[in-house]
Amino acid sequence: MKNHLQGIAASDGIAIAKAYLLTEPDLSFEKRKVEDSEGEVARLLESFETAKSEVSAIREKAAVSLGEEEAQVFDAHLMVLSDPEMIGSMNANIRDNGVNAESALSDVAGMFIGMFEAMEDNPYMQERAADIRDVTERVLSHLLGVKIPNPSTITEEVIVVAKDLTPSDTAQLNRDYVKGFVTDIGGRTSHSAIMARSLEIPAIVGSKEITQIVKDGDIIILDGLDGDVFINPDEETLAAYKKKAEEFSAMQAEWHKLKNANTVTADGKHIELAANIGTPKDLEGVVANGAEAVGLYRTEFLYMDSSDFPTEDEQFDAYKAVLEGMEGKPVVVRTMDIGGDKELPYLELPKEMNPFLGYRAIRICLAEPEMFRTQLRALLRASVYGKLRIMFPMIATLNEFRAAKAMLEEEKANLLADGVEVADDIQVGIMIEIPAAAVLAHQFAKEVDFFSIGTNDLIQYTMAADRMNQQVSYLYQPYNPAILTLIKHVIDASHAEGKWTGMCGEMAGDQTAVPLLVGLGLDEFSMSASSVLKTRSLMKRLDSKEMEKLADKAINECTTVEEVIALVEEMKAKLV
């Protein structure tokens, strides 16, 4: 058996633990005639009881970790598992037709699902179809003796192995037990990789075949520094990686000494080092790593972790918690960025051939003004509890920015008229992630308060290469001179108008990119909290004037990514 794989190092660290396969189970079965109908009925009822116990346990855990309201989704599952009409129909099917329990379960559940899905004028009843489908899968798994993976129920130290992880999968990972994860597909900018860095757990993506090779319970070494995975390693390899893990921990301890230090270059230039977050819970990592601001609060997780649109008060509480938690340090809140690969079960989006180029982010917000205004009111109300900066994503034209800002100003006026206090120093900016906006940055800079460059999308749009497509992954080139030229234009345009530019894409924490970005004059670097201290350590060794020469050479003399990387590595080799 192959015991060594190479993937893409997506989140720093080394983990050694058992494998936990998070893959779709095979629930196929054959319909067959049975002699002992009562035995099949008993088998079916036993599987229902087992499923009920399982769902009850999941509900209890969800109530603790997610809250009572979120846990109520499992009440519907328990109701289905106790439905006498449905269970009675299954039992009758077994007795009348002499079929096995799996077949009776599937036939009757399919009938109920079809019936509920047909109730187009009753959304509540249509939702019951999804509950029945989930419950049927769980009962069927017990009939077949097949395990259904559930990351929220993990209670021992494991390394999760999956084809890919959705944002909701990753959000359920408990880092007390999940020591890291490895996936078949993905890149450094995939959402699972970004979440791994937020959780501060090591991760490898794009291994291509990990799910085909690993079995549940296999011992895995995950090297998130170099992208190596070892399956059931020998004692010599185990010892070597335990030593490497200790050395990395020692390096982290050195970085931690910089937690309360100012972020300054070797020649004394201050640069703001910020962290990206998805939920208020992520503030723990922000504070622990000494970030000077929150440079990106991804508010879409408020929507993705809810069974319906979050209310104004629910959003207000979340924004207030982050602003208060940062104790006066700046917080850049990105308004809802749904669409692309981030969907909501309760928001019907069109099926698109190219969703990343379609109906998403500010385009949805402007088309669904009430949803957008709810978020804006919550932000404005929370603004008095800290230093709020509001950022609109996926802005392509000045008219989009003007329309979004006009709604913000209208809601501010409405709140003030109602006697609600609103801060008067809220900065309003945009993400630069569409090349059209980057090219016209000199025009945008006259109207916005700041830019934050979202390199994940800016690079894929500029290179016309889907960052999740393995066939064109070689074109995801953050150090390409064309990308560096766009970034320089954006920074220069903001400075010409007395504004500032940050970066909240993964490039901001990339140790090869950091010297170039310092040289380009980037004012704020926002990254995963786990990258803050090592970036601060690197910046302390960089002379900003020398980095300016380095960036100029990369843009004007280098023609390929390889040349840029070689240029930076040569410079790093000379650092003390």
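Everything quoted here is computed from the prediction, not taken from an experiment.
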Participant: Is the ring centre of F401 less than 6.0 Å from the ring centre of F444?
Facilitator: no
Participant: A side-chain contact here means heavy atoms from C-beta on lying under 4.5 Å apart; do L522 and I491 qualify?
Facilitator: yes
Participant: What residue among E200, K534, H256, K259 forms side chain to side chain donor-acceptor pair (under 3.5 Å) with N289?
Facilitator: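 It is E200, the one option of E200, K534, H256, K259 that forms the side chain to side chain donor-acceptor pair (under 3.5 Å) with N289.
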Participant: Taking D228 first and then K244, would you say they form a salt bridge - that is, a charged N and a carboxylate O separated by under 4.0 Å?
Facilitator: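 No, no charged N to carboxylate O under 4.0 Å.
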Participant: For the pair K549 and E546, find out whether any cationic side-chain nitrogen is under 4.0 Å from an anionic carboxylate oxygen.
Facilitator: yes
Participant: Any non-hydrogen side-chain atom of L486 less than 4.5 Å from a side-chain atom of V490?
Facilitator: no
Participant: Below 4.0 angstrom, N of the basic side chain to O of the carboxylate: do R360 and D457 qualify?
Facilitator: yes
Participant: Ignoring hydrogens and angles, state whether a donor on the side chain of E246 or Y241 is under 3.5 Å from an acceptor on the partner side chain.
Facilitator: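 Per modelled atom types, E246 and Y241 side chains form no pair under 3.5 Å.
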Participant: Is a donor from one side chain sitting under 3.5 angstrom from an acceptor on the other, for T535 and Q511?
Facilitator: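 A donor-acceptor contact under 3.5 Å links the two side chains.
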Participant: So do the side chains of E569 and T512 get within less than 4.5 Å of each other, counting heavy atoms only?
Facilitator: yes
Participant: Verify salt bridge (Lys or Arg N to Asp or Glu O under 4.0 Å) between E548 and K488, making sure each step is shown before the conclusion.
Facilitator: CA-CA 11 Å; E548 194 173 329; K488 175 176 170 54; over 6 Å; no
Participant: For K329, is there an ion pair with E292 - N to carboxylate O distance below 4.0 angstrom?
Facilitator: no
Participant: Given side chains that start at C-beta, do those of P330 and V294 come closer than 4.5 Å, heavy atoms only?
Facilitator: no
Participant: Output yes when K405 and E447 qualify as a salt bridge under the 4.0 Å nitrogen-oxygen rule, no when they do not.
Facilitator: no
Participant: For the residue pair M503 and S526, establish whether any side-chain heavy-atom pair is separated by less than 4.5 Å.
Facilitator: no
